[in-house]
Amino acid sequence: VEGVKVDDRGVGYLTDMLVFALLISLASLLLAEATPVDSRTESARYAASFAQSTLSALQHSTADEFGGFEYELDVPCFLAIGGSAKRNLRHKTLEQLVVEDALCNLHIEAGGVEFGLGPTHEMDGGVQEFLRGVLDELIAGRFGYCLSIRTSPVDLDFARVHFESEIKNFDECSRKLCSEKIVATLPVPKEELARRIQRSLGPLPLKLEPDLVVEITLELWSR
Amino acid sequence: MKKRGFMPFSAAGIVIVMMVVAMIGHGTWLRHQSSLATIEDIGSAELLTTAVSVQNDMRAAARYAVYRALWEVSKEADRYEDEATRKSAIECLAAGYFAELIAELPSAYHQHDARIELEIQNPSAPSNILPISDWLGLLGTWPIFDLEEEGEGYVLAKVRLPEGTKVRASYWDNTLVLELPCENFDVFIDSRYFLLQEREDRFINGIPRLDGIGSTWWVAEYAVAWSQALCGMVQLSERRTRAFFELAWARHEYDTFGSADYLETSAKLLGLGNDVTSVLNFGSSAAEITPPISAAEVETMTGYIDDCIGSIDRAESELGGISGYIERAVGYARENLENQEVYSFMLDNVRRELNGAIESVGRARAHTQGVSRGFEDLLGYLRGMMGGNELVQQLYRGLTGSNGAYPVLGQQVSVGVAGIDSKLVALEGSLRTCLRQVVDNSASLETLLTTLGREVDACVREVLATSAPQHRVEIEYPGPKNYVYDPGNEPEPTSREIEVYTVDGSNASLGALRAILVNAKSDFERMQGLAEITDEMRERLNDVDIDDALKQKLLSEADFELKLPSRESMYELLPPPPIDAQPGLSVFHDFCISDVSYKRQDPFGWACEEAPPTVIPLQFIGLNLYWAQWEISLGVDGGVVEEVFDFDNPVLPREHSLPLGIGEQVVTVHKPLAYRCEMPGGRFSFTLVIVMPWREFTIAGPEMMVP
């Protein structure tokens, strides 16, 4: 442009301003991304604490506090008079129910077939149903959950003796937040347990070394 | 002027960016630290949860140890001397079983989670259950269990572990170590051991009373026997006695436990071939028995006799004073015969004494007539009661009717009163004659009065005489000489002598009249004693009836027959529901009645079971009582089992053998705590007495079961 002479310094100023604006934008972006708190850690902490409280409730709360628990022995109806087959376990803690369920209903699997169901097999389903109700009441409003109860299996060549039970209520696509575990033991001495298993399986050439521990694991999942 | 800035904008921007990067770096480092702390928090909380779960597991182990000890001791409760010994045995056994359980825990935990350690002092605990005596030696060094009663008979176990027992949980790197002491804790046992013990003791202590007055067995036998007597024939039955005893046992169970072994009882009632309904409704037989006359009514009758005797007393008292009048009159006459001045005063005194004597005789006559009136009142009372009451009618006839052999009480009283009255009239006449002669002054006063005195004495002696019976009449009674139970001497029917005091008026006296009435009173008193027994029996028959709940249960289960190889074992698994919801106990019993015997105890029955009832003659009131008495005795074989289950709390995980095809399946099931006592057998007996005061009945020999 004739008569107007562009000053070199003006171009320099403009470039300087542009670079400055770019750097400020970058700094703002970095600041925006940075948060002082890790939300995943926080939610994991909350979930873990929640799971521990729930497990503590299982250990100390009685069935009575959740409406009571009872089941019926599966015996021929001509033997059961009135309510004689009913078993009301209202004073037991939830953990006791789980452990006694495991003791009464040890599964024996042989050749893919489960056998040896005793008259207490209704207890198994009953305890699961009862615990589902309890966990729904305690947890389901905030988290998904999966409570698994298992004993170490006694593996033999031809059979497997174990107890496993799982109660879950969560979406498959949700995220696992925590997993907490407590241990309990079956209320019989090891030798006695081995004797019981042997009696169910018949004479065995080897000496059984069953594990008394029942693991109770509670996983919490995001909603 | 050439102007320049402090620094270029781009340089300032670079500085700002660098500062922001530094800030973010610091923030990230802080967040990382915070995350580490969070993880540590979670980890320590998890460690604590694990440690608490182990602590909790030890409580559970204590609970199961007590379960097992309770079961084993309660199943043989009779082996222990008393409550304290039983409790000690449970505590020792529980300590042993607990030791056995926790001995395996440290390794089991460690195997699963190396972070957990269970430190128990005295690790050389025996792995096998030791005899109680050996455990006593371990007290103080090994677990101590102390059982206490919690409300409603539940158990609270106070567990004391050796000092230093603790659960230790640590991080993998030992940066955090948690130690939870585990020395003293209480465990609630949801079985009502103390309730079972208390009720079982109460039941056993009450067994001796099964044959006592008022027990169901006693009442039922009485009700049926008395109603049979009313119908004319009594026959005892072994079948019935066995059924009633079973019923009494069930009733005792129901009263104690709120339930009974109703399945067994109804099966036995059926097995005895009885109509269960009629056995249970023995109470309706009791309702039919109306005591013919009550003890209170007999007492009123005795009261009338007492009035008569009172009149005699008063008449005797009056007559006893007459001689005094005469003696005083003679005295006046002697003192004043010489003194003419006071003669007229003396005559007044003599006249006054004679008038007094005449009045006294008049009162004695009135009192004697009072005997008649009293007796008439008694008869009037009986007439008022008669109605349809056969006994009162017979009693009335006995007192007033005619008896060909000897005069009845009414006749003796009326003849006696008339005879005495005529004697007193004669005496009164003599006194009046004498009085007239005194006024006329027609004879020597002293002689006159002295003669009168002799006459009066003779007459009063005659009237007051306590005469011996005028004669005795032999009456043939089909009864023994005495009624004292003496099985060694068989009674022979014999005659009885009836004492007759007043046959005609000539030998009537107040003494004889008194003797008659006293004898009649003793008959009434005898009758009153029997009426009191009847009253009491009636009262107890009304009081005792089989409770409706038990009755309904026995009737409803009458068609249920449980045929099992071991009833007791099945009850352990499936105890029948209790009849009453509270206290919620189920009952099992097992006993066998070995024999039943009946022994007649009234004299007629000594010789022959089918002999008619013994007659007790009450001759003075003209009545016979018919009396039959048996000792009913029943033997129960040894090994009587009484077991009670805590039906409301089937909480003990126990093994149980279930029949499976030709073999058996051993399963673990929840069972209620059972409290079992085995007792020696024994004999139960009581005395059945039937006294029918107005009606004779026959007795058939007892109906015994064919072995």
Side-chain angles (χ1 to χ4, degrees), chain A residues 16-17 19-24 26-27 30-31 33-34 36-38 41-42 44-45 48-49 52 55-56 59-60 73 75 79-89 91-92 95-96 99-100 103-104 118-120 178 180-185 187-190 196 199-200 211-213 215, chain B residues 8-10 12-14 16-17 19-21 23-24 27-28 30-31 34-35 38-39 41-42 45-46 49-50 52-54 56-57 60-61 63-64 100-101 104-105 108-109 111-113 116 188 190 263 560 570 573-577 586 648-651 653 655 658 665-670:
Chain A
D16 201 22
M17 290 293 283
V19 170
F20 179 73
L22 272 171
L23 288 171
I24 290 297
L26 177 67
L30 287 172
L31 277 177
E33 279 300 306
V37 180
D38 183 352
T41 311
E42 275 308 300
R45 176 159 68 170
S49 159
Q52 283 157 8
L55 287 173
S56 178
Q59 289 175 73
H60 296 105
L73 290 178
V75 288
L79 289 177
I81 310 150
S84 62
K86 242 178 213 154
R87 293 294 182 262
N88 189 330
L89 306 178
H91 293 297
K92 303 258 183 200
E95 186 190 50
Q96 261 184 290
V99 170
E100 289 181 14
L103 180 69
C104 296
T120 51
C178 69
E180 295 294 327
K181 184 179 77 178
I182 52 172
V183 287
T185 49
V188 282
K190 202 181 272 189
R196 289 187 190 194
R199 206 158 40 197
S200 303
D211 190 356
L212 292 175
V213 170
E215 286 182 356
Chain B
F9 275 115
S10 53
I14 287 166
I16 289 169
V17 167
M19 283 175 68
V20 165
V21 167
M23 269 173 64
I24 288 169
T28 306
L30 283 179
R31 202 169 62 181
S34 157
S35 296
T38 303
I39 289 164
D41 275 358
I42 294 171
E46 186 194 340
T49 307
T50 308
V52 169
S53 81
V54 172
N56 203 47
D57 204 35
R63 182 179 295 115
Y64 291 109
E100 194 183 7
L101 281 173
E104 292 174 354
L105 294 188
Y109 292 140
Q111 198 177 327
H112 270 260
D113 192 340
I116 306 171
F188 172 72
D190 47 351
L263 294 178
F560 184 92
M570 194 46 73
L573 182 69
L574 300 165
S586 200
D648 279 358
N649 295 289
V651 295
E655 279 192 296
L658 281 176
Q665 181 191 13
V666 180
V667 292
T668 304
V669 289
H670 287 102

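Computation of the quantities below employed the complete heavy-atom set of this structure, encompassing side-chain atoms and omitting hydrogens, waters and symmetry-equivalent molecules. The sequence lines fix the lettering, A, B, ..., with proteins before strands; numbering per chain opens at 1.
Between chain B and the residues A:C104, A:G82, A:A44, the most heavy-atom pairs under 4.5 angstrom are made by A:C104. Ranked by heavy-atom pairs under 4.5 Å with chain B, the list A:Q96, A:K190, A:E180 is led by A:Q96. Listed options A:I182, A:V75, A:V213 were ranked by heavy-atom pairs under 4.5 angstrom with chain B; first place goes to A:V213. With chain B as the partner, the residue from A:I24, A:L22, A:N88 showing the most heavy-atom pairs under 4.5 Å is A:N88. Contact count against chain B (heavy-atom pairs under 4.5 Å) is highest for A:D16 among A:L73, A:D16, A:T41. Between chain A and the residues B:L574, B:V21, B:D190, B:T50, the most heavy-atom pairs under 4.5 angstrom are made by B:L574. Interface check for chain A: of the options B:D41, B:V54, B:V651, the most heavy-atom pairs under 4.5 Å are formed by B:V651.
In this structure, chain B has heavy atoms under 4.5 Å from both the backbone and the side chain of A:L31. Interface residue B:E104: only side-chain heavy atoms are found under 4.5 Å from chain A. The contact between B:F9 and chain A is made by backbone and side chain atoms together, counting heavy-atom distances below 4.5 Å. Both the backbone and the side chain of B:A108 come within contact range of chain A, each with at least one heavy atom under 4.5 Å from a heavy atom of that chain. For A:L30, the parts lying near chain B are the backbone and the side chain together; criterion is any non-hydrogen pair under 4.5 Å. Residue B:L101 touches chain A through its side chain alone, counting heavy-atom pairs closer than 4.5 Å. For a residue to count as touching a neighbouring chain, one of its non-hydrogen atoms must lie under 4.5 Å from one of that chain's; by this rule B:P575 touches chain A with backbone and side chain alike. Within the 4.5 angstrom heavy-atom criterion, no atom of B:M19 approaches chain A. For a residue to count as touching a neighbouring chain, one of its non-hydrogen atoms must lie under 4.5 Å from one of that chain's; by this rule B:A45 touches chain A with backbone and side chain alike. For B:I39, no part lies under 4.5 angstrom from a heavy atom of chain A. Residue A:A85 touches chain B through both its backbone and its side chain, counting heavy-atom pairs closer than 4.5 Å. Residue A:S49 does not touch chain B at all, counting heavy-atom pairs closer than 4.5 Å.
Considering all non-hydrogen atoms of both residues, A:R45 and B:I42 come closest at CA-CD1, 3.6 Å. The two residues B:A12 and A:F20 make their nearest non-hydrogen contact at CB-CE1, 4.0 Å. For the pair B:I16 and A:A27, the tightest heavy-atom approach, listed with the atom from each and the gap, is CG2-CB, 4.1 Å.
Residues passing the side chain to side chain contact (heavy atoms under 4.5 Å, CB included) test with B:N56, sequence neighbours excluded: A:Q59, A:H60, A:E95, B:R59. Applying the side-chain hydrogen bond (donor to acceptor under 3.5 Å, both in side chains) rule to A:K92 yields the partners A:E100, B:Y67; only residues at least two apart in sequence or on another chain are considered.
Judged by distance alone, with hydrogens and angles left aside, the side-chain atoms of A:R87 form a donor-acceptor pair with the main-chain N or O of B:H670 at under 3.5 Å.
With a 4.5 Å cut-off on side-chain heavy atoms, B:P577 and A:S84 count as touching. For the pair B:I14 and A:L23, the minimum side-chain heavy-atom distance is below 4.5 Å. B:T49 is not listed as a side-chain neighbour of A:S56, based on a closest heavy-atom distance of 4.5 Å or more.
Ring pair B:F188/A:H91 is perpendicular by interplanar angle, where above 60° counts as perpendicular and below 30° as parallel.
Between the OG atom of B:S34 and the CD atom of A:E42 there is a distance of 6.0 Å, given to the nearest 0.5 Å. Note that CG of B:L105 and CG of A:L212 are 7.5 Å apart. Values are rounded to the nearest 0.5 Å.
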Query raised in the report: Does the side chain to side chain contact (heavy atoms under 4.5 Å, CB included) test come out yes or no for A:V188 and B:Y64, once each step is laid out?
Result: CA-CA 8 Å; A:V188 282; B:Y64 291 109; over 6 Å; no

